[in-house]
Every structure is written in C-alpha cells, then in structure tokens.
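Computed over heavy atoms, backbone and side chain alike; hydrogens, waters and symmetry mates excluded. Just so it is clear: chains get the letters A, B, ... in the order the sequence lines come, proteins before strands, and each one is counted from 1.
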Amino acid sequence: MQASPPTNDRYYFKTIEQRWQQRWEEEKTWKVSHRAERPKYYVLEMFPYPSGRIHMGHVRNYSIGDVVARYKRMRGFNVLHPMGWDAFGLPAENAAMKRGIHPAAWTHDNIDYMRGQLKAMGLSYDWERELATCGPDYYRWEQQLFLSMLEKGLIYRKETTVNWCDDCQTVLAREQVIDGACWRCDQPVLPKTMHGWFFKITSYAEELLADLDQLTGWPEKVVTMQRNWIGKSTGLACQFQVENSDQAIGIFTTRPDTVFGVTFMSLAVEHPMIDLLVQGKPQEEEVRAFMHETVLAKQRSSLDQELDKRGVFTGSYCTNPFTNERIPIYVANFVLMEYGTGAVMAVPAHDQRDFEFARTYDLPIKVVVQPEGDPFDPATMAEAFEGPGALVNSGQFTGMESIAAQQAIIAEAQRRQFGAPHVTYRLRDWGISRQRYWGAPIPVIHCDNCGIVPVPESDLPILLPGADEPAGSHSPLHQQPDFIAATCPRCGRQARRETDTLDTFVESSWYFARYTNPGLDSAPIDKEAAAYWLPVDQYIGGVEHAILHLLYARFFTKMLRDLGYLTVDEPFTNLLTQGMVIKDGAKMSKSKGNVVDPNDLINQYGADTVRLFSLFAAPPERDLEWNAQGVEGASRFLNRVFRMIMSQRACFDQSVTVDLANLNAVSRTLHRKTHQTIKRVTESIESNFHFNTAISGIMELVNLVTAPTDEPVDAAVLREAFSTILTLLFPMAPHLCEELWQATGHEQPLNDAAWPAFNADAAKEDEITIVIQVNGKVRGKVLVAADTNEASLKQLAVNDEKVAKMLAGQQPKKIIVVPKKLVNIVL
RNA sequence: GCGAGAGUGGUGAAAUUGGUAGACGCACUGGACUUAGGAUCCAGCGGGCCAGCCCAUGGGGGUUCGAGUCCCCCCUCUCGCACCA
C-alpha cells in the first residue's frame with residue numbers, strides 16, 4: 001500500500017478515502033459468518049431499486065445504517081450488514097423500450113454503477129452477500145416457495161375485476177392504487193375482468209393484526225397504519241329470507257343492536273342475487289339501467305369523490321328475522337361488493353349513509369337507540385345518531401344498553417340459527433399476477449386435460465427467456481410462443497406455460513432471509529443461518545413502505561415459519577423510518593428539478609463530509625432540509641479535526657497514562673469533558689440514533705481541545721481526548737478517522753477497536769453551578785463544590801447580594817432546594 | 001370526516017423524571033493574520049427599553065414554588081385512510 005506523506009495542514013480526502021476503501025475491499029473487512037462466539041446483530045437498510053444512480057435519500061438511508069453497523073461492531077457484536085438489488089420491475093422495461101436495449105442489460109449496468117457509488121461512500125457491507133433479485137439464483141428459490149405455497153393452499157387463481165393500468169399494461173395490487181391512479185405512472189386505474197393469482201394473506205390477517213402488539217420497536221405511526229389497513233371489524237352475520245323464494249341474503253353488521261331499526265336493504269350493483277330479485281318484476285329494466293350507469297359512474301369518478309347516495313327498488317322484499325317485518329330490497333350505488341357480503345341492512349336512524357338514502361327516497365326512519373335526553377323524532381332528525389344508548393322499540397331487548405344488546409342479539413340469532421358472530425377484515429388477498437416481462441415467471445403449466453399443474457421442482461428455474469442474450473426478446477411472456485409451449489408434467493400432452501410474472505413486491509418480501517446465506521444452492525433459505533441471524537435487529541428505510549412492503553414481509557415471515565424455514569414470528573424487531581430529503585420546501589425529485597447529485601458532493605467534499613452532513617442536519621426520523629452551507633460546515637469540522645490531530649500528534653509518542661493527582665486545571669477539565677462526551681455520544685446513539693446530538697457532543701469536545709489555554713495540557717490527557725474523538729467519530733467519518741489513527745502510530749485499524757469505556761469518576765464535576773431563583777425566576781448563580789449540602793445551599797442563596805436586596809429583611813415563605821441544580825426562594 | 005404526528009431565534013436544530021430555553025452548526029456582524037481571502041483564528045449574535053429589568057417555545061386557560069415539557073379548549077401544517085355497513 002502506498003503511503004502518502006502526512007501533512008499537517010491539508011486533508012486530502014480523495015487520497016485518504018481511496019486508500020481505505022481499497023484496503024477494506026482487499027481485506028474483506030466486513031465479511032461475517034453465522035458461526036461466531038459474539039452475539040449477533042443484523043442491521044439492514046431497505047435495498048435499492050437499480051434506477052441508475054443513487055440519490056440523497058439513499059445517501060441518508062445508508063449513512064444511518066452504516067453508523068449503526070459500525071457502532072455495533074465496536075460494541076462487540078457480530079454484525080450482519082448486507083446489500084443487494086431489488087432488480088425486477090417496470091422502469092427497467094420502460095427504459096429498455098426507450099433505449100432499444102434489454103432490461104437485463106439496463107439493470108446490470110445500473111447495478112454496476114450504483115455499486116461503485118456505494119463503495120465510494122465507504123459503507124461497511126459484506127459484499128460477498130450481494131444479491132440481485134433478477135438473477136435466476138434468486139428467483140429460482142422464489143419459484144420454489146411459490147410451489148410450496150400453492151401446495152399448502154396459500155395461493156389460488158380466480159377471475160376478478162382487477163385494477164388495470166393501461167399505461168403500464170399491467171394489473172396493480174390494491175395497495176398500489178393511490179387515489180384511483182397508478183402508484184408508478186400516476187395514470188387513472190381502470191377496472192378489468194381477468195384471471196389472476198392471489199396470495200392468501202387474509203388467512204394471516206388475525207396474526208398480522210395481533211402481532212402488531214409485539215412490535216414495540218416500530219414507530220407507532222406505522223403500527224397504526226397497518227392496523228387500519230388490516231381493518232378488523234366484529235359483528236353479526238345474519239340471513240334475511242327473500243320473500244317467495246328459498247334464497248336468503250347474507251348481511252354483516254357491526255351494529256346488531258340496531259337490527260330492530262332496519263327499514264330497507266341495500267345491495268351493491270355487483271351483487272350476484274340481483275338477477276334473481278328483479279327477474280320478471282316491473283322494475284327490472286330500471287334496475288338494469290341503474291346498475292349499468294353506476295358501474296360507469298364508478299369508473300369515471302376514479303374513486304376520489306363521494307357520490308350522492310342513489311338507488312332503485314328491486315321490486316322484491318325480504319324478512320327481518322328478528323321482527324318478521326317486510327323489508328324492501330334496493331340496489332344502491334354506495335354499497336361496496338368487496339366488503340362484507342355486498343349487502344347491507346339499512347338502519348337510517350343510526351347510520352348516516354342510510355339516513356341520507358332514506359331521506360332522498362322518502363323511506364321510513366325508525367329510532368331504536370336512544371341516549372339520555374330528548375327523544376329523537378324521525379320526522380325532524382337532521383342526521384343519524386351513531387352513538388351508543390339504550391334500546392327502544394326493540395322487542396325483548398328494549399331497555400338494554402348498546403354494548404350488552406349487541407351480545408344478546410348475536411346470541412339470539414345463534415340460538416334461532418339465522419345468524420352468528422362474525423369477523424371481517426378490510427385486508428384483501430394479495431394479487432400477484434403481472435402481465436409484464438421483467439419479473440419472475442410463475443412456475444405452473446395449464447393443461448387442457450389436467451388443469452393447472454405445478455412445474456416439478458426439478459424443472460426449476462423457469463428461466464425468463466432472453467435475459468442472458470443482449471438481443472433477446474423482452475416482450476411480455478404471453479407474446480412469446482417459444483416460452484408458452486410446454487408439455488404437461490402430469491399427462492405429457494401439449495400444454496401452455498403460465499405467462500404471468502410475479503409482482504416485484506414478492507422479491508422484497510423475503511430477501512432479508514436470503515441474505516443469511518445468499519449463495520445456498522439447495523434451498524431458498526439456510527435454516528441454520530436464518531435461525532442465527534433473524535430477526536433483523538434494526539431495519540431502516542422510508543416511511544412510504546409503511547404498509548405495502550412491511551406488511552408483505554411480515555406475511556412472508558409467518559408463512560415461511562409455517563413452511564419450516566424460519567423460527568421467528570416477525571422479521572424486523574426495530575424499525576427506523578427515516579424522513580425525506582427536502583430542498584426548497586419539496587421532496588428532492590427529478591420531476592421537481594431540485595435534485596442534488598451525491599456524486600458531485602462526494603467529489604467536491606469527500607464521502608466523510610457528505611455522511612457527516614446527512615447525519616448532523618436533522619435526527620433520522622425527521623425530514624432533512626438540504627443546505628449547501630451545512631455541507632461546508634461539516635467539511636470545515638473534519639478539516640479542523642485533521643489539523644488538530646496532525647499538529648499535536650507528538651502526544652502519542654510516549655505511552656504514559658493519565659495521572660489524575662498531578663493534573664493542572666486545564667487538563668483536569670479536558671479529562672472530565674472527554675468522559676462526559678463518551679457518555680453523551682453513547683446515550684445519543686443508544687436511545688434513539690440521534691446522531692445529530694452525538695456529533696454536536698464531539699464538536700464540543702473538539703472545541704474544548706482547540707480553545708486557547710494559558711496552561712500546557714498534559715500529554716496523556718490530550719492523547720486520551722484525541723483517541724476518544726477518533727473512536728467516537730469513526731462510525732460517521734470512517735476514512736478520516738482510520739487515517740488519523742494510523743498517522744498517530746496505531747498498528748491495529750480503528751475498525752477493530754472497541755468503543756471507548758466511560759469512567760463515571762472521571763466525568764464527575766467537582767464544582768457545579770447552582771441557580772438561585774426567587775419565585776421561580778433566575779436571579780443569580782453560584783459556583784459551589786459538588787458535595788455542598790442543602791443547608792449551606794439555602795444559606796448561600798439567602799445571602800446572595802441580589803436575593804438579600806429582594807428579601808429586604810423579610811422571611812421567605814418557603815425555600816426549595818433541588819440537589820445539584822437550583823435553590824428557589826418563595827416570597 | 002376518521003386516525004397519527006408536528007408547531008421553539010434570521011436558519012437546521014438542542015433541552016434526564018417539570019428545574020438556567022436556544023447546546024452544536026449555518027447565516028450574519030466586528031476584529032486579527034494577509035497582496036488578497038471564499039482559508040484560518042478571536043469576539044459577538046432571541047426581542048425590547050440597550051444599566052437593571054421586562055417579554056419570549058402556534059393562541060387562550062389551568063395545575064405547580066417552578067411548565068417547551070403535565071391537563072383542558074382553540075388555530076395552523078404534514079402524513080396516512082377514506083361510502084368498510
């Protein structure tokens with residue numbers, strides 16, 4: 001290794017950073033194994049999509065993760081810190097089309113470039129674990145997991161109305177539809193009927209909800225969002241017999257206590273029983289016209305505005321099983337087929353939507369829940385009463401309170417066998433079929449004889465055709481006859497290969513488990529390695545993944561546990577959702593034209609400066625306001641550290657230890673501050689990763705060392721201060737600190753050093769400032785020995801010149817002494 | 001509408017269990033060193049009358065010897081969900 005001559009006045013970050021990066025690369029400094037004595041720590045940043053080049057959001061995300069990784073290593077942990085690429089997806093296909101190249105080529109070029117950028121940041125990854133989800137060595141195992149899930153009944157195929165993005169020519173999951181538009185291209189989403197594959201995530205709904213309580217290391221906001229997304233409702237499922245028919249309509253309600261107030265029934269326009277109800281009725285034509293019109297209106301309104309409540313009578317009636325009342329059946333535009341049963345028992349007095357509908361069509365309103373106060377008058381009510389109260393007009397349940405009545409009514413329905421307690425979730429099964437090329441092929445074969453036949457495991461992987469030939473086709477698979485042609489594994493006849501590819505969110509749902517042994521060629525997951533490393537101790541990424549990715553990953557973890565691969569229930573013990581990088585009041589983005597390219601910054605200031613700035617400007621969970629001058633500030637600080645240590649490194653020549661008894665005042669103060677800083681920095685990192693305050697603590701120590709003094713500083717104390725500064729700063733600015741560590745004569749790299757030990761005695765102040773207050777207002781300060789007792793403090797306060805003046809001889813009412821803090825005199 | 005979070009100097013932000021509000025940085029001002037300084041160093045830096053004091057953590061109440069911190073009401077902003085029966 002070539003050593004550049006150390007100089008006292010110039011911090012050549014380029015030379016320094018290249019030298020250490022090269023050494024880390026050659027020595028594979030961060031290679032880890034699950035066979036180790038030390039306790040494990042798994043820190044993971046959400047892996048990037050290889051879009052071209054890294055942006056400031058990446059810089060921030062990976063700087064935070066790298067500090068955690070390096071800090072934990074210094075604390076003695078065996079740290080797993082991997083990196084890879086979420087490499088399948090639409091942008092590659094779009095870019096490929098635009099440029100006339102293959103998506104694989106585009107993706108791999110981007111990966112190569114971005115890998116170089118990450119290495120230029122000096123991030124401490126175990127690069128031997130790098131994986132790209134578009135590689136057959138990754139998706140082959142995903143295909144195998146698909147087969148296992150299929151076998152277990154966790155995957156099914158059905159025809160549904162899907163969210164179709166015409167621009168992207170593909171289906172979207174419900175989670176990928178934002179305000180009626182595609183999450184990627186922002187174009188309106190259209191309904192389309194087609195066959196698709198689904199993961200039965202709903203069979204884990206209860207566990208996904210219940211285990212949220214375990215996630216105490218997650219931001220409450222994310223837990224709440226997931227809870228709302230899963231959306232559990234409990235209530236009564238109940239049958240309403242259709243008049244003159246052997247059919248019944250099933251309904252679900254969370255308010256069984258209002259069942260005596262039902263005055264009509266509303267069906268979604270998609271409800272399968274409508275045909276039967278209107279057949280031969282005079283209303284048939286009107287109902288069909290309404291259904292048609294409503295379907296069109298729902299498409300046009302792109303879901304973002306509430307429609308007026310409208311509907312038509314079907315001409316049919318059903319019977320309320322509790323009252324035997326005759327209930328007219330309507331079709332209504334506001335009832336959702338996807339939730340509950342698509343049929344609603346309408347209680348206009350106690351549901352605002354039903355109320356509006358009833359007022360529009362002049363339907364009866366019957367009050368059955370009455371809170372204390374004046375009784376409601378259906379004729380004059382301005383809105384529905386949705387709160388609890390005592391039941392009225394409710395037969396045997398009259399007089400009961402809502403909550404008790406709900407239980408009693410459900411019990412009654414059960415006893416009389418027309419209803420039962422029921423739980424409904426908002427969460428729906430995860431549609432995973434995509435009609436695009438650049439994704440993992442779904443490993444099944446369609447046979448006219450045998451139906452859907454899984455591809456035998458020995459035939460895996462089903463390779464994505466053309467991916468390893470630069471000129472290969474990247475048309476959607478349903479347009480590639482060579483791919484489609486297959487023989488049925490069961491009967492041997494000609495059959496068709498499935499042409500859907502998997503949603504890219506499938507890849508990111510289990511990559512963290514694959515990292516524990518990414519090269520394994522006999523199974524998707526190395527059970528031994530996964531048992532050692534998982535769960536991820538600290539996961540770090542953007543809050544935009546609060547629902548989608550994090551819910552899917554949790555689902556996969558539970559599913560992989562049930563398949564025998566994992567032993568944990570939850571994948572991520574602690575979650576840090578970092579804020580956005582903001583410039584000029586808006587998120588940095590190409591479309592806004594306010595991006596700052598990390599490359600330019602690294603070239604101009606060096607990786608350490610860029611890292612330091614992104615850590616110092618704001619705590620990680622908060623948005624980070626971009627500020628060019630702030631980068632200058634970070635750069636200035638590192639230069640100061642460099643000059644400070646290079647100009648005084650002679651103190652490292654002798655190895656004397658700190659001799660507390662013989663220190664002058666300046667040295668004693670520095671020794672104390674050094675230990676106080678260790679405590680402060682450690683606590684800032686440990687409690688909540690507030691690196692901004694950790695860095696300001698180090699800055700204070702540097703300020704003290706460089707402040708002019710009238711006494712010489714003891715060499716051992718100075719050396720201790722310098723070592724401490726370098727060690728504490730190392731996780732944030734590793735290149736500079738390693739360089740200075742070496743320049744001060746250390747043989748072992750700082751990377752292998754331990755976090756400095758805090759000495760409480762050394763940090764203890766022997767003199768403290770006591771604040772003197774009168775009536776809670778600061779009136780003076782006095783410097784006293786730390787062990788001054790309460791009585792003396794009181795005396796000191798009363799004798800204070802200013803206090804004495806205010807007292808003017810009178811006795812204070814009360815004197816409050818807070819040890820080591822203040823004395824408050826109450827007049 | 002429902003749910004969650006946040007409002008502190010010119011600015012990014014700090015403030016154990018309630019205990020000196022504004023640490024640290026940026027910007028700014030003055031000075032030193034310099035042919036020069038956008039380098040570096042020293043000093044100042046919430047507001048007002050510039051002494052002593054008063055006013056200041058979105059606004060208004062309250063609890064307390066003492067409130068940025070706890071309680072109640074209101075305002076503003078951000079983010080999620082949104083006809084979920």
Once you round it to whole Å, what is the distance between [atom2] of [N] and [atom1] of [X]?
| X | N | atom1 | atom2 | result |
| --- | --- | --- | --- | --- |
| A:Asn775 | B:rU64 | CG | C1' | 13 Å |
| A:His350 | B:rC83 | NE2 | C1' | 19 Å |
| A:Ile547 | B:rC79 | CD1 | C1' | 11 Å |
| A:Phe355 | B:rC83 | CZ | C1' | 16 Å |
| A:Glu621 | B:rA6 | CD | P | 10 Å |
| A:Tyr11 | B:rU40 | OH | P | 14 Å |
| A:Ile410 | B:rA85 | CD1 | C1' | 14 Å |
| A:Ile230 | B:rC81 | CD1 | P | 14 Å |

Within the structure, does a side-chain N or O atom of [X] lie under 4.0 Å from either OP1 or OP2 of [N]?
| X | N | result |
| --- | --- | --- |
| A:Arg426 | B:rA82 | yes |
| A:Arg622 | B:rA14 | yes |
| A:Arg353 | B:rC84 | yes |
| A:Lys814 | B:rC65 | yes |
| A:Thr224 | B:rG80 | no |

(request) Counting heavy atoms from C-beta on, name the nucleotide in B:rC65, B:rG3, B:rG19 closest to the side chain of A:Lys821. (result)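 The answer is B:rG19, which lies nearest to the side chain.
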(request) Between A:Met225 and A:Pro619, name the one whose nearest nucleotide on RNA chain B is closer to the 5' end. (result)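 Nearest nucleotide further toward 5': that of A:Pro619.
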(request) Taking only Lys NZ, Arg NE, NH1 and NH2, and the carboxylate oxygens of Asp or Glu, determine whether A:Asp308 and A:Arg310 approach each other closer than 4.0 Å. (result) no
For [X], answer base if it contacts any base atom (sugar-phosphate contacts may also be present), sugar-phosphate if it contacts only those atoms, and nothing otherwise; contact means non-hydrogen atoms under 4.0 Å.
| X | answer |
| --- | --- |
| A:Lys813 | nothing |
| A:Val771 | base |
| A:Asp623 | sugar-phosphate |
| A:Arg310 | nothing |
| A:Arg227 | nothing |
| A:Asn824 | base |

(request) Can you spot which of A:Val347, A:Thr323, A:Ile409 makes a side chain to side chain contact (heavy atoms under 4.5 Å, CB included) with A:Val259? (result) A:Ile409
(request) Check each of A:Gln676, A:Lys679, A:Glu683 against A:Phe758 using the side chain to side chain contact (heavy atoms under 4.5 Å, CB included) test, and report the only one that passes. (result)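 Result for side chain to side chain contact (heavy atoms under 4.5 Å, CB included) with A:Phe758: A:Lys679.
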(request) Quick one: classify the glycosidic conformation of B:rG47 as syn or anti, with syn meaning within 90° of 0. (result) anti
(message) Please convert RNA chain B into dot-bracket. A pair counts if it is Watson-Crick or G-U wobble with both distances under 3.5 Å; crossing pairs go in [ ] and bases paired with another strand get |.
(response) (((((((..(((......[....))).(((((.......))))).((((..))))..(((((..]....))))))))))))....
(request) State, with a plain yes or no, whether a side-chain heavy atom of A:Phe689 is found less than 4.5 Å away from one of A:Val67. (result)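 Side-chain contact under 4.5 Å: no.
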(message) Is there a side-chain contact between A:Arg255 and A:Gln406 in this structure, where contact means two heavy atoms from C-beta onward sitting under 4.5 Å apart?
(response)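 Sidechains of A:Gln406 and A:Arg255: in contact.
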(request) Determine the interplanar angle of the A:Phe260 and A:Phe322 rings, folded into 0 to 90°, and report it as parallel if under 30°, tilted if 30 to 60°, perpendicular if over 60°. (result)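 Because their plane-to-plane angle lies in the 30° to 60° range, the rings of A:Phe260 and A:Phe322 count as tilted.
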(request) Determine the interplanar angle of the A:Tyr361 and A:Tyr330 rings, folded into 0 to 90°, and report it as parallel if under 30°, tilted if 30 to 60°, perpendicular if over 60°. (result) tilted
(message) Checking side-chain polar atoms at under 3.5 Å, does A:Glu621 have a donor or acceptor matched by the opposite partner on A:His690?
(response)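 Indeed, the side chains of A:Glu621 and A:His690 share at least one donor-acceptor pair under 3.5 Å.
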(request) Classify the side-chain pair A:Arg672/A:Thr677 by whether it contains a donor and acceptor separated by less than 3.5 Å. (result)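 Not at all, the side chains of A:Arg672 and A:Thr677 share no donor-acceptor pair under 3.5 Å.
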(request) For A:Arg611 and A:Met732, indicate whether the former's side chain and the latter's backbone hold a donor-acceptor pair under 3.5 Å. (result) yes
(request) Please answer whether the main-chain N or O of A:Phe290 pairs with a side-chain N or O of A:Thr294 as donor and acceptor at a distance below 3.5 Å. (result)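 It does hold such a pair.
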(request) With P as the reference atom in both, quote the distance from B:rC70 to B:rA6 in angstrom, rounded to an integer. (result)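 Here B:rC70 and B:rA6 have their P atoms 10 Å from each other.
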(request) For B:rG31 versus B:rC79, give the span between their P atoms, rounded off to a whole number of Å. (result)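 Per the computed distance, 46 Å lies between those P atoms.
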(message) Aromatic contact between A:Trp626 and A:Phe613, with the criterion being ring centroids under 6.0 Å apart: yes or no?
(response) yes
(message) Base of B:rC83, side chain of A:Lys309 - is there a donor-acceptor contact under 3.5 Å?
(response) yes
(request) Taking only heavy atoms on the protein side, list every residue of residues 339-347 of chain A lying under 4.0 Å from any atom of RNA chain B, sorted numerically. (result)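 Heavy-atom contacts with RNA chain B come from A:Tyr339, A:Val344.
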What are the atom names and distances for every N/O pair under 3.5 Å that joins the protein to nucleotides 21-28 of chain B?
from   : atom 1 : to       : atom 2 : distance (Å)
B:rA23 : O2'    : A:Glu700 : OE2    : 2.7
B:rG25 : OP1    : A:Asn703 : ND2    : 3.2
B:rC26 : OP1    : A:Arg636 : NH1    : 2.8

(message) Taking the cut-offs as 6.0 angstrom to the six-membered ring centre and 45 degrees off its axis, would you call A:Lys309 and A:Phe334 a cation-pi pair?
(response)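 Checked: cation-pi criterion met.
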